2 protein chains.
Amino acid sequence: MHEEIKDILKRNNLSVTGSREKILSLFLSKAGALAHGDIEKKAGEKFDRVTVYRTLQTFVDKGIIHAIPTADNSIRYALCKDDCSGGHHHDHHIHFVCNHCGNTYCLDDVVTPEVRLPNGYTTSQIEVVVEGTCKACNK
Amino acid sequence: MHEEIKDILKRNNLSVTGSREKILSLFLSKAGALAHGDIEKKAGEKFDRVTVYRTLQTFVDKGIIHAIPTADNSIRYALCKDDCSGGHHHDHHIHFVCNHCGNTYCLDDVVTPEVRLPNGYTTSQIEVVVEGTCKACNK
DNA sequence: TAATATTTTGCAACAATGTTGCTTTTTTCC
DNA sequence: GGAAAAAAGCAACATTGTTGCAAAATATTA
């Protein structure tokens, strides 16, 4: 487990540091997505805010995590399943925000649907965010 | 035109005030969506920041405008075409962000596609944001 | 392994964004 | 026109995000 973290960092040509290990382990140990605030809290006052910002940015650049926009204007981050190398994310899955527990999940099995745009528009990326109640909260 | 603005406000049981008329006219005169910052600038230093925040919130509550989440964490607002009464928005159209001119548009003619979720999940709302190049920028 | 080069961290200061309470002004309604 | 209600403006504050730089940690090379 701990080795896996180091592996991921090394594979992406990143120095292995305390903050990176800690933040990455948070992502690995949690199913849902994390907002910047969550990470600051969960990391336990141990790291400077600036470090968290920079670490997240580094992870996004390297394609380790990706950002999920949500309606409440708080960006959340989640691990990229496949290898999104060099910041070029190709996550064709949709995102789900549970209105009950507040968690955000990547539904990796649900593929982004086709969208027919009017003439003249060209598409580079499609982001689908579904709100509702998740599996756990529906029980 | 000016009367239309007053009409909209009155129809929603809102007092007719200078800031509301001004902000609403910005929305009516522009095709794309507006971010809070845009409005502050376009209103021409005339209104307090707090007033802009509160006016936008009021408009969202009344269903006059709706918020569009984007990847860069800046919420944009656009007029609701139909009457989304009492803050209960039913905008089933998709949103388009142009990477070239930066504008955000509501594509009212493009209906949100169906999304099949895994068992256990229930949907209350679907938000689709497409990034790419818009009609005007593709010319 | 020790010395050096590189990278990352933490700090401080700052900028931007958003919020709250309260007083003054404006609008509405009679 | 005057009273009641609503909104605007102001100040102060909280949160969030950014930048430059010195100190510390990590990686690299001999």
Side-chain angles (χ1 to χ4, degrees), chain A residues 2-3 5-26 33-62 64-65 67-77 87 102, chain B residues 2-3 5-26 33-62 64-65 67-77 86-87 102 104:
Chain A
H2 198 65
E3 280 308 310
I5 292 173
K6 286 189 178 168
D7 267 7
I8 295 175
L9 292 174
K10 283 181 181 166
R11 202 184 313 146
N12 286 282
N13 292 315
L14 293 175
S15 318
V16 177
T17 69
S19 55
R20 284 175 182 166
E21 286 181 291
K22 178 70 184 173
I23 292 175
L24 194 46
S25 78
L26 289 177
L34 294 169
H36 174 93
D38 298 330
I39 293 162
E40 258 191 273
K41 278 169 210 127
K42 295 217 178 189
E45 318 277 340
K46 278 191 62 182
F47 304 110
D48 195 86
R49 270 160 17 84
V50 180
T51 301
V52 177
Y53 279 112
R54 289 199 268 228
T55 303
L56 288 174
Q57 189 55 54
T58 303
F59 285 179
V60 170
D61 290 344
K62 290 291 184 178
I64 300 172
I65 60 176
I68 309 169
T70 52
D72 66 340
N73 209 14
S74 73
I75 291 188
R76 290 165 183 280
Y77 299 92
Chain B
H2 197 66
E3 281 307 310
I5 292 173
K6 286 189 179 169
D7 267 8
I8 295 175
L9 292 174
K10 283 179 182 167
R11 203 184 312 144
N12 287 281
N13 293 315
L14 293 175
S15 320
V16 177
T17 69
S19 56
R20 283 176 183 167
E21 285 181 290
K22 178 70 184 173
I23 291 175
L24 194 45
S25 77
L26 289 177
L34 294 169
H36 174 92
D38 299 329
I39 294 162
E40 257 192 274
K41 278 169 210 128
K42 296 218 176 187
E45 318 278 340
K46 278 190 61 180
F47 304 110
D48 196 86
R49 268 157 22 82
V50 180
T51 302
V52 177
Y53 279 112
R54 288 198 268 229
T55 303
L56 288 175
Q57 188 56 54
T58 303
F59 285 178
V60 171
D61 290 345
K62 291 290 184 178
I64 299 172
I65 60 176
I68 308 169
T70 52
D72 67 338
N73 210 13
S74 73
I75 290 188
R76 290 165 184 281
Y77 299 91
T104 301

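A note on names: the letters A, B, ... follow the listed sequences, proteins ahead of strands, and every chain is numbered from 1. The analysis underlying the following values was restricted to heavy atoms, covering all of them including side chains, and did not include hydrogens, waters or symmetry mates. As the structure is a prediction and not an experimental result, all values here were calculated from the model.
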Problem set entry | Toward the 5' end of DNA chain C, by each residue's nearest nucleotide, B/Gly37 or A/Arg49 | A/Arg49

Seminar exercise, completed: Rounded to whole Å, CG of A/Asn13 lies from P of D/dT26 at a distance of 18 Å

Exercise. Listed by chain and number, what are the side chain to side chain contact (heavy atoms under 4.5 Å, CB included) partners of A/Asp7, not counting sequence neighbours?
Worked result: A/Arg11

Seminar exercise, completed: By side chain to side chain contact (heavy atoms under 4.5 Å, CB included), B/Arg54 pairs with (sequence neighbours left out) B/Val50

Exercise. Just how far, in rounded Å, is C1' of D/dA22 from CG of A/Asp48?
Worked result: 14 Å

Exercise. Between B/Phe59 (CZ) and D/dA7 (C1'), how many Å, whole number?
Worked result: 12 Å

Problem set entry | Euclidean distance, atom NE2 of residue A/His36 to atom C1' of D/dT18 [Å, nearest integer] | 12 Å

For this session: Nearest whole angstrom, please: distance from the C1' of D/dA8 to the NZ of B/Lys46.
Result: 13 Å

Exercise. With A/Ser19, which residues qualify under side chain to side chain contact (heavy atoms under 4.5 Å, CB included), at least two apart?
Worked result: A/Thr17, A/Phe47, A/Thr51, A/Thr55

Check nucleotides 21-29 of chain C against the protein and report each pair of N or O atoms closer than 3.5 Å, with its distance, or say if there are none.
unit_1: C/dT28; atom_1: OP1; unit_2: B/Val16; atom_2: N; d: 2.8

Seminar exercise, completed: Axis-to-axis angle across the helix from C/dT1-D/dA30 to C/dC30-D/dG1, five pairs each end, nearest 10 degrees, ~ 40°

Problem set entry | A/Gln57 CD - D/dT18 P separation (whole Å) | 8 Å

